[in-house]
Asker: 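First the structure, then my questions, so here it is.
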Number of protein chains: 2
Amino acid sequence: MKLTVSRLYKYRDTLIRFRQIGMVRVFSDDLAEDMNTSATQVRKDFSLFGISGNKKGGYQIHRLIIQLDRLLGKDKTHFVIIVGAGNLGKALMNYGGFEEEGFKVVAVFDNDPRKISRKGKIPVLPVQGLERFIKARELDLGIIAVPYFAAQEVAGRMTAAGIKGILNFAPVSLKVPGDCFVSNINVQLELETVSYFAKIMKENKKHSQQKKAL
Amino acid sequence: MKLTVSRLYKYRDTLIRFRQIGMVRVFSDDLAEDMNTSATQVRKDFSLFGISGNKKGGYQIHRLIIQLDRLLGKDKTHFVIIVGAGNLGKALMNYGGFEEEGFKVVAVFDNDPRKISRKGKIPVLPVQGLERFIKARELDLGIIAVPYFAAQEVAGRMTAAGIKGILNFAPVSLKVPGDCFVSNINVQLELETVSYFAKIMKENKKHSQQKKAL
DNA sequence: ATCATTTTGTGATTCTTTTCACAATAAATC
DNA sequence: GATTTATTGTGAAAAGAATCACAAAATGAT
């Protein structure tokens, strides 16, 4: 399910690129190729979400984007807060990609008084006010960009205040109530995993060379 | 397989924290709890990689870490290059987490002459020299932090020069030869997915409240 | 108007990952 | 030293995700 949903977002991305270069229709094949997956997968994903095209005629890009937008909630702006104004928090705060995708970072929170500032485009506020802020605006989405030892506390406060989705950059598994969804981004871990498989790839090569030699 | 491997890295992380607070032995239960998984999963993962503990006595943390280190290649330094010295590239370049985990960023590459600099701790070099650099040092690992439209070209050049593992931050699916492993980090996509499920969580709540009301 | 071709949509199948169930065994207790 | 208890290790079952196989329908060709 999670995998299917994130593929749907990717299809949308691809479709928007396709539209930009003037394409009007696509086949499941085209999408599959661009995304390194199979045409069957594309159709299965669509079918699962009730999206249908025309036999022999594929899918109308424009219409498809509209359908995906509605399905994926891309037809409205989503408000987000970031907790943690360190290197990562600042990078995220200045990251243009969110706005492009319909997310608006409404505030950043930190516990270091020196980082507080209401002047910038996005205010950096004392973390004391976190719950009040979330409740007042009925926010659903939070990004955690604090050190690992502070992450669980932040998560607890967020969910208690009503946050329903967390994007967590701290390298710990957060414990949250069942009505909150968490997704983790762990850059170190990702690089470690890559390094593990890179090593295997090298070893396989050696093996196949050995095999060739036999 | 990929999931198991990344869990192994996480077990190691957790174990190191446990050791720091003076623990000497763990049970699969302890690891599972810390990592939000099941004890069975932990043991299955270990069993799959030939790691064993003591019935009733659990696992000796110190020994377990050593075993994982060897298994996961954490007993040596891995050299990495980054391509792209924009916001993201710079953030990654100054990110302490890699060094902590045994990765050394040996160079950053960019195609903008203004960004070139051999003075810093990590040199920023012209991307023209990419292949030569990789081959000369027999590097395996590369991080792609360039805009989406440049990512595929960079990936092609990296793999042609011998890179076997790529951590890709560009929001496109890279096409690489079968002997190269790619892992993608797509912050926008991750946030989109979180937002999708956050919405569902809210709707479910509404439903269950309705149910209660009946 | 008929036939061949292309492409969708989906039930059935296979593959992968997780969970279950429980035997084996080491330690603790009596 | 026999018995209970806690914990591992793993084959079997279940759940989840991807792939296959093919019928149905739309289009184009003759």
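Convention: sequence-line order gives letters A, B, ...; per-chain numbering from 1.
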Asker: Report the distance from atom CD1 of A:I51 to atom P of C:dT7, rounded to the nearest whole Å.
Answerer: 20 Å

Asker: Mind calculating the distance between CG (A:L48) and C1' (C:dT8) to the nearest angstrom?
Answerer: 15 Å

Asker: What integer distance in Å separates B:D29:CG from D:dG9:C1'?
Answerer: 15 Å

Asker: Taking for each residue the nucleotide of DNA chain C bearing the nearest heavy atom, is the 5' side occupied by A:K44 or by B:M1?
Answerer: A:K44

Asker: Using a heavy-atom cut-off of under 4.0 Å over every strand shown, decide if B:S52 touches base, sugar-phosphate, or nothing.
Answerer: sugar-phosphate

Asker: Checking B:D75 against B:R70 for the salt bridge (charged side-chain N to carboxylate O under 4.0 Å, His left out) test, could you report, in this order, the C-alpha distance in whole Å, the side-chain angles of both residues, the deciding distance, and whether it holds?
Answerer: CA-CA 6 Å; B:D75 46 359; B:R70 202 168 24 231; 6.0 Å; no

Asker: Please work out which of the three classes, parallel, tilted or perpendicular, describes the rings of A:F98 and A:F103, given edges at 30° and 60°.
Answerer: perpendicular

Asker: Contact class for A:R25 (heavy atom, under 4.0 Å): base, sugar-phosphate, or nothing?
Answerer: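 The answer is nothing, as A:R25 stays clear of every strand by at least 4.0 Å.
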
Asker: Name the closest nucleotide to the A:T40 side chain, picking from D:dT8, C:dT10, D:dT10.
Answerer: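 Between D:dT8, C:dT10, D:dT10, the one nearest the side chain of A:T40 would be C:dT10.
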
Asker: Once you round it to whole Å, what is the distance between P of C:dT19 and CG of B:D45?
Answerer: 10 Å

Asker: Which pairs of donor and acceptor atoms, one on a side chain in residues 47-66 of chain A, lie under 3.5 Å apart (sequence neighbours left out)?
Answerer:
residue : atom : partner : partner atom : Å
A:H62   : ND1  : A:R19   : NH1          : 3.0

Asker: Want to settle it: does A:G53 or A:K56 sit nearer the 5' end of DNA chain C, counting the closest nucleotide to each?
Answerer: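 That would be A:K56.
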
Asker: Compare the minimum distances between each of C:dT10, C:dT17, D:dA24 and the side chain of B:L3, then state the nucleotide with the smallest one.
Answerer: C:dT17

Asker: Separation of B:R43 atom CZ from C:dA24 atom C1', in whole Å?
Answerer: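 The answer, rounded to whole Å, is 13 Å.
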
Asker: Tell me what B:F46 touches on the nucleic acid: a base, only sugar-phosphate, or nothing, going by heavy atoms under 4.0 Å.
Answerer: nothing

Asker: Roughly, in whole Å, what's the span from CD in A:E33 to C1' in C:dT7?
Answerer: 16 Å

Asker: With a cut-off of under 6.0 Å to the ring centre and 45° to the axis, is B:R137 in cation-pi contact with B:F133?
Answerer: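 Cation-pi check for B:R137 and B:F133: passes.
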
Asker: In this structure, how many angstroms lie between the C1' atom of C:dT25 and the OH atom of B:Y59, rounded?
Answerer: 14 Å

Asker: Taking any heavy-atom pair under 4.0 Å as a contact, classify B:S47: base, sugar-phosphate, or nothing.
Answerer: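 Sugar-phosphate contact only - B:S47 comes under 4.0 Å of backbone atoms but never of a base.
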
Asker: Do the side chains of A:R12 and A:D69 get close enough for a salt bridge, i.e. N-O under 4.0 angstrom?
Answerer: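 A salt bridge is present here (some side-chain N lies under 4.0 Å from a carboxylate O).
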
Asker: Is A:T4 touching bases, backbone alone, or none of the nucleic acid, heavy atoms closer than 4.0 Å?
Answerer: nothing

Asker: Could you say whether A:S38 or B:S28 is positioned toward the 5' end of DNA chain D, judged by the nucleotide with the nearest heavy atom to each?
Answerer: B:S28

Asker: Between D:dA18 atom P and B:K2 atom NZ, what is the distance in whole Å?
Answerer: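 Taking atom P of D:dA18 as the reference, NZ of B:K2 is at 13 Å.
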
